[in-house]
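Everything numeric in this text was worked out from a predicted model, so none of it was measured. Numbers restart at 1 for each chain; the letters A, B, ... are given by sequence-line order, proteins then strands.
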Amino acid sequence: GEDVEQSLFLSVREGDSSVINCTYTDSSSTYLYWYKQEPGAGLQLLTYIFSNMDMKQDQRLTVLLNKKDKHLSLRIADTQTGDSAIYFCAESIRVTGGGNKLTFGTGTQLKVEL
Amino acid sequence: DSGVTQTPKHLITATGQRVTLRCSPRSGDLSVYWYQQSLDQGLQFLIHYYNGEERAKGNILERFSAQQFPDLHSELNLSSLELGDSALYFCASSVERLGILGTQYFGPGTRLTVL
């Protein structure tokens, strides 16, 4: 089955690290993604990880993947007020016929306080 | 800027009407995807086209249809509109290499309001 879950809210102080967690259920996922959505804006691709990797680091962002537990996390180091947004994790699933789709989590609203 | 463009940005219409949303993928991307984002359903996959052919269908209503043209742009047609169709509609595109579909890049979305 396909179900992606995230906690709804996270509040951190500026300069601290943020960790946003996600669990998914479909073990056939090929890629797992993190997207950022600011108010009134579209979805910005932040980073992604291939399903056979454990970790990926990209500047302030670190993605950890625990395939056994189907758990994905996004760590943002030195969180800034500009990081305040909704963060979506998504799994990419290949479907019959050669198609592909993303299944999104509910989104985690990150609030960064001064 | 992802390179994916969508028009119009905003659309306000009445129940029972029909609208067309347009998407141009990134240069070189053959795949186009449509998603709907609403408060109660979250982000839902609607449909995937690859080089003009439908490849996958998600939670797309029968009142909705899509197509991808030879120049690779895509249109999503929504008919007999209901209040519940009010949502943000996103288009995304990706490239395919060696049978592997790549990362999906999203357009800015079209906000549809049905009154």
Can you tell me how far apart [atom1] ([X]) and [atom2] ([Y]) are? Round to the nearest 0.5 Å.
| X | Y | atom1 | atom2 | answer |
| --- | --- | --- | --- | --- |
| B:Arg55 | A:Lys101 | CZ | NZ | 15.5 Å |
| A:Leu43 | B:Ser2 | CG | OG | 10.0 Å |
| B:Tyr105 | A:Gln44 | OH | CD | 11.0 Å |

Examine whether an atom of [X] lies under 4.5 Å from a heavy atom of chain A, and if so say whether it belongs to the side chain, the backbone or both; otherwise answer neither.
| X | value |
| --- | --- |
| B:Tyr49 | neither |
| B:Leu88 | side chain |
| B:Gln37 | side chain |

Quiz prompt | A:Tyr48 atom OH: more than 12 heavy-atom contacts under 6.0 Å | solution = no
Quiz item: Would one find more than 12 heavy atoms of other residues, nucleotides or ligands at under 6.0 Å from atom CG of B:Leu39?
Solution: no
Quiz prompt | Validation row: A:Leu45, B:Phe106 side chains within 4.5 angstrom (heavy atoms) | solution = no
Can you hop from [X] to [Y] via hydrophobic side chains spaced under 4.5 Å?
| X | Y | answer |
| --- | --- | --- |
| B:Val32 | B:Leu43 | no |
| A:Leu72 | A:Ile86 | yes |
| B:Leu11 | B:Leu61 | yes |
| A:Ile76 | A:Leu32 | yes |
| A:Leu61 | A:Leu110 | yes |

Quiz item: Do you know which of A:Tyr31, A:Tyr35, A:Tyr33 makes side-chain contact (heavy atoms from CB on, under 4.5 Å) with B:Gln104?
Solution: A:Tyr35
Quiz item: Ignoring hydrogens and geometry, is there a side-chain-to-backbone donor-acceptor pair from B:Tyr33 to A:Leu102 under 3.5 Å?
Solution: no
Quiz item: Is it true that B:Phe45 and A:Phe104 have ring centroids separated by less than 6.0 Å?
Solution: no
